[in-house]
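Please see the structure below; I have some questions.
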Amino acid sequence: MVFPIWTTGYELKRAYVSKETCHKIARDFTKGVGFDRTARVVSEAGRNCLIRTVNEASRWNIDVLIELLYIYLMPPANDWLKWFAQKNGKKMSPYPNEYNLYRGICKKLSSHRAVSVIEYQKGHGLEPHSDDIAGVFFPFQAILGLSDPSEYDGGDFILEIIKGDDRELITRTKLGLGDLLIFPVSTLPVFGSTGQCFHSVSPVSKGVRRTMAITLGGTVC
Ligand SMILES: O=C(O)CCC(=O)C(=O)O
Ligand SMILES: [Fe+2]
C-alpha cells in the first residue's frame, strides 16, 4: 500500500497498523473501552455519525504510530511553515526534530492532540469541512481505516480544494482496513494551488464504516 501525501509527493510506503489492531480498536469502540467522550455529529440531515474521543491511545499502540507520523511529516510541515510565514510576513519557529520536544511544546500550551474513532451507519456521512484546531497547529491530519471495505457501501473519503468559486476534486477513495491516509488541513499549497482544503465522507448506503481520525497538534473544535 502506498499512502500519498497530497502536498509534497512524499510517500509513506507501508501500513503501520495491523488488521488485528484495527479489529481490536473497533471491538473496544463497540464496548466503549478506552474512550472518554461520546458525541453525535449533528449535520443538516439530523443526527449523524457517532464519535468517541480516545483517552488511552497507548492501549492500541497508537502512540507509536503518532510518533512515527510526526517524524515522517515534520519535514513537509516545516516546508509548509516557511511558505505560510513568508505569505503572512511572520516569523515562526519550526516544528522540532524530535517528537518529545514537540509534545513538550504542545503540553506547555495545553494543546492536546485529538484522536477519535467515528462510526458511520446507513445514511451517515460528513459534509465538506476543514477541522478547526485549537492550540498548536499542525498542517496534516491522518485517517486510519478500521473497517474492511467489503463490509459497507458508500462512505468514500473525499478531498477537495475550494478557491473562490472553483472546486477541484483531489481524491475520492474507499479506505481499506489498516490504510492510513494523510491529508492537508485547511490552507496549504496543494499542487500549486493556494485554495482551502476540505474533506468529507459520502453517505454510507449499507453496513458500517469505522475510522480513526488523528490530529498531531491541538484539539479539534
Ligand atoms: O471518517 C473519515 O474518513 C473522516 C473523519 C473526519 O473528517 C473527522 O473526524 O473530522
Ligand atoms: Fe475532519
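Whatever order the structure lists ligands and atoms in, that order sets their numbers, starting from 1. What you see is a predicted model; the values in this text were computed from it and never measured.
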(message) Donor-acceptor pair, distance only, cut-off 3.5 Å: does the side chain of D179 make one with the backbone of L175?
(response)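 Judged by distance alone, no pair lies under 3.5 Å.
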(message) Under 6.0 Å between ring centres: does that hold for Y70 and F138?
(response)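 Yes, they do, as the ring centres are separated by less than 6.0 Å.
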(request) Find all atoms of ligand 1 within a distance of less than 4.0 Å from any non-hydrogen atom belonging to D131, and give their numbers and elements. (result)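 So the answer, numbered in order with elements, is 10 (O).
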(request) Any atoms of ligand 1 less than 4.0 Å from a non-hydrogen atom of H199? List them with their elements. (result)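 So the answer, numbered in order with elements, is 6 (C), 7 (O), 10 (O).
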(request) Find all atoms of ligand 1 within a distance of less than 4.0 Å from any non-hydrogen atom belonging to Y120, and give their numbers and elements. (result)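 Matching atoms, with element in brackets: 1 (O), 2 (C), 4 (C), 5 (C).
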(request) Please identify each residue that fulfils ring-ring contact (aromatic ring centres under 6.0 Å, His included) with Y120, with sequence neighbours left out. (result)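 Here no residue qualifies.
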(request) Decide whether the shortest distance between a heavy atom of Q141 and an atom of ligand 1 is less than 4.0 Å. (result)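 It does not, in that no heavy atom of Q141 comes within the 4.0 Å cut-off of ligand 1.
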Anything under 3.5 Å between a donor and an acceptor, one on a side chain of residues 25-33, the other on a protein residue two or more places apart or in another chain? List them.
{"unit_1": "D28", "atom_1": "OD2", "unit_2": "K24", "atom_2": "NZ", "d": "3.4"}
{"unit_1": "D28", "atom_1": "OD2", "unit_2": "W60", "atom_2": "NE1", "d": "2.7"}
{"unit_1": "T30", "atom_1": "OG1", "unit_2": "R27", "atom_2": "O", "d": "2.6"}

(request) With sequence neighbours left out, write down each residue that passes ring-ring contact (aromatic ring centres under 6.0 Å, His included) with H129, or none if nothing qualifies. (result)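 H199.
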(request) Using salt bridge (Lys or Arg N to Asp or Glu O under 4.0 Å) as the criterion, point out the one residue from R40, R52, R209, R210 that pairs with E119. (result)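 The residue from R40, R52, R209, R210 that satisfies salt bridge (Lys or Arg N to Asp or Glu O under 4.0 Å) with E119 turns out to be R210.
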(request) Counting heavy atoms only, name the option from L126, V41, I51 that's nearest to atom 6 (C) of ligand 1. (result)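 Among L126, V41, I51, the closest heavy atom to atom 6 (C) of ligand 1 comes from L126.
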(request) For the pair N48 (side chain) and G125 (backbone), establish whether a donor and an acceptor sit closer than 3.5 Å, ignoring hydrogens and angles. (result)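 Such a contact is found between N48 side chain and G125 backbone.
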(request) Output yes when a side-chain donor or acceptor of N78 lies under 3.5 Å from a complementary backbone atom of Y95, and no otherwise. (result)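 Yes: the side chain of N78 pairs with the backbone of Y95.
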(request) Have a look at F137 and tell me which of L216, V185, L81 forms a side-chain contact (heavy atoms from CB on, under 4.5 Å) with it. (result)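 So the option named by the test is V185.
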(message) At a cut-off of 2.8 Å, what protein N/O/S atoms sit near the Fe ion (ligand 2)?
(response)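 Metal shell, protein only: H129 NE2, D131 OD2, H199 NE2.
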(request) Go through ligand 1 atom by atom and flag the ones less than 4.0 Å from a non-hydrogen atom of V201. (result)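 It comes down to these atoms of ligand 1: 1 (O), 2 (C), 3 (O), 4 (C).
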(message) Between D148 (side chain only) and S150 (backbone N and O only), is there a donor and an acceptor less than 3.5 Å apart?
(response)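 Answer holds: yes.
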(request) Under 4.0 Å from a heavy atom of I118: give me the atoms of ligand 1 that qualify, with their elements. (result)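 In order of numbering, the contacting atoms are 5 (C), 9 (O).
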(message) For ligand 1 and R209, I'd like to know whether there is a polar contact (N/O to N/O, distance under 3.5 Å).
(response)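 Checking ligand 1 against R209, an N or O pair does fall under 3.5 Å apart.
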(request) Check each atom of ligand 1 against the heavy atoms of A213 and keep those under 4.0 Å away; list them by number with element. (result)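 Going through ligand 1 atom by atom, the ones under 4.0 Å from A213 are 9 (O).
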(request) Can you see which heavy atom on G176 is nearest to which on P149, and at what distance? (result)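 So the minimum-distance heavy-atom pair works out to CA-CG, 3.7 Å.
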(message) Given L146, I143, I158, identify the one with the heavy atom nearest to atom 4 (C) of ligand 1.
(response)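 Result: the heavy atom closest to atom 4 (C) of ligand 1 is in I143.
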